[in-house]
Every structure is written in C-alpha cells, then in structure tokens.
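Following: one structure in structure tokens, then a few remarks.
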Amino acid sequence: SPRHKPRQKQPRPLMLRQAKEEDMPSVHKMLTSDSTNPYMCVAKDITLEDFKKDWQESTTPPYKGFVWESDGKAAGVAFVRFGSFRSAHLAHIDTFAIADDFQNKGVGSVFIQAVLSELKNSGYLRIQLYVEGDNERAIHFYKKNGFQVEGTMKKFFKREYQEHYIDDHIMAVVY
C-alpha cells in the first residue's frame, strides 16, 4: 500500500482586524520588546496591569486599534487616532509595531498597506505619523511604503535614559 504523508497544518492567512482585549498581553510584549521599545511611548518595564490603561485609551474613540493576525496570534499592532472638525479627513498612526517573530519577513509592509487601504477606503485623505529622527530603520520602512517626510520637529522629546533631545519627523501619505 502507498505511504501517505501526514497532512501538514496550513497556516491561516494574515488578517487585519480590530484589536480585542484578549490581544493586550501580546501587544504589551510587542511594545516592550528590546527591538521595538526604544521607539515607543511605553515604559520598558510597564506591567501588564499598568498597560491596561494605555490599552483602553488606545482602543476607544477617537482611537482605533488594529491587529494584524497570523494563525490566531497578533503579529502586529497599529493604534490610529482620528481627526475631527476641520481635520476630520486625517488619521494619525500613533503606534505601529511588529512582533519580534514576524520582523524582517515582509509582514510589516503588508500590514501597513492593509491599514492604509482600510483608512483610505474609510474616507481618510491624509494618514500621518511621527517617527524619531534616529530611527533610520523606520524612516526607510515608511518611505518604502509611500510616506514622505514633510518636516522635522527639532528637539521634540527626550528619552529618560539619554542626555540629549531627539528630533521627530512628521511623515504622511496624502490621497
């Protein structure tokens, strides 16, 4: 009788969805990882309990949390703040991060393009973000994905563990 190979489990496709409370531990891990945290507005040693307040703020209006899911796990997160009144056409990506296991595999580009598409299809004409001037990897990533540097905010912030101030670039995609 012919030998049958055992069936390999097919990974579920990547999927963009709204963040859910059960994503919080995975997102906390993403934002506090050594590769991501230096560029996040989250303390490296923030506890999951303390992170809960940030999570609630970042997932309720005027914010929306997006998760890029792979095989049932959060592979990436984006927190977006929406403009109102005169800037109702504006979406500002406050946080964008990819889990360590998914970095350098093209997941970030697919995820940011899905977020941009979702926002554009929802009527947002300007999608912007701030990126730290010393985060060359992120600047390259955003340029590769259609963002342009529109300006630099000099000495915009100071990391608690450094003596010098950091510039921030404002980058945007405009439709």
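None of these values were measured; they are calculated from a predicted model. Atoms considered below: every heavy atom in the structure, side chains included; atoms not considered: hydrogens, waters and symmetry mates. We number each residue from 1, following the sequence as shown.
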When clusters are formed by joining ILVMFWY residues with side-chain heavy atoms under 4.5 Å apart, either directly or through shared neighbours, do [X] and [Y] land in the same one?
X	Y	result
Leu119	Leu125	no
Val110	Val80	yes
Phe79	Leu90	no
Tyr124	Leu16	yes

[atom1]/[X] to [atom2]/[Y] distance, rounded to the nearest 0.5 angstrom?
X	Y	atom1	atom2	value
His140	Asn145	NE2	CG	9.0 Å
Ile93	Tyr142	CD1	OH	6.5 Å
Phe82	Ser84	CZ	OG	12.0 Å
Gln103	Ser33	CD	OG	6.0 Å
Lys53	Ser58	NZ	OG	10.5 Å
Met171	Glu150	CE	CD	9.5 Å

Heavy atoms only: give me the nearest [X]-[Y] pair and the separation to one decimal.
X	Y	value
Asp23	Ala74	OD1-CB, 4.5 Å
Gly146	Val173	O-CG2, 3.4 Å
Pro25	Leu48	CA-CD1, 3.9 Å
Trp55	Glu21	NE1-CA, 3.9 Å

Just so I know, are the side chains of [X] and [Y] near enough to count as touching, which here means a heavy-atom distance under 4.5 Å?
X	Y	answer
Val77	Leu31	yes
Thr95	Met30	no
Val131	Phe141	no
His28	Lys52	no
Asp94	Tyr63	yes
Phe147	Ile112	yes

Might you work through the side-chain contact (heavy atoms from CB on, under 4.5 Å) test for Arg137 and Asn104, ending with a clear yes or no? CA-CA 11 Å; Arg137 185 174 170 200; Asn104 300 312; 3.2 Å; yes

Using the ring of each side chain (for Trp, its six-membered ring), is Trp68 parallel, tilted or perpendicular to Phe111, with breaks at 30° and 60°?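 Correct class here is parallel.
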
For His169 and Asn135, what are the C-alpha separation, side-chain angles and deciding distance, and is it a side-chain contact (heavy atoms from CB on, under 4.5 Å)? CA-CA 10 Å; His169 298 303; Asn135 191 348; over 6 Å; no

Passing candidate, side chain to side chain contact (heavy atoms under 4.5 Å, CB included) with Phe66, options Gln18, Arg17, Glu118: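 For Phe66, the side chain to side chain contact (heavy atoms under 4.5 Å, CB included) check succeeds only for Glu118.
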
Knowing that exactly one of Val174, Val115, Leu116 qualifies, which makes a side chain to side chain contact (heavy atoms under 4.5 Å, CB included) with Ile127?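 Of the listed residues Val174, Val115, Leu116, the side chain to side chain contact (heavy atoms under 4.5 Å, CB included) partner of Ile127 is Leu116.
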
Does the side-chain contact (heavy atoms from CB on, under 4.5 Å) test come out yes or no for Lys73 and Ser26, once each step is laid out? CA-CA 8 Å; Lys73 294 192 318 188; Ser26 299; 5.8 Å; no

Residue list, side-chain hydrogen bond (donor to acceptor under 3.5 Å, both in side chains) with Asp167, at least two apart or on another chain: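 Residues passing side-chain hydrogen bond (donor to acceptor under 3.5 Å, both in side chains) with Asp167: none at all.
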
Is the number of heavy atoms from other residues, nucleotides or ligands within 6.0 Å of [atom1] ([X]) greater than 12?
X	atom1	result
His164	NE2	yes
Gln113	CD	yes
Gln162	CD	yes
Glu136	CD	no
Lys158	NZ	yes

Under the 4.5 Å side-chain heavy-atom rule for ILVMFWY, direct or indirect, which residues accompany Phe156?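 Other cluster members: Tyr130, Met153, Phe157, Ile166, Ile170.
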
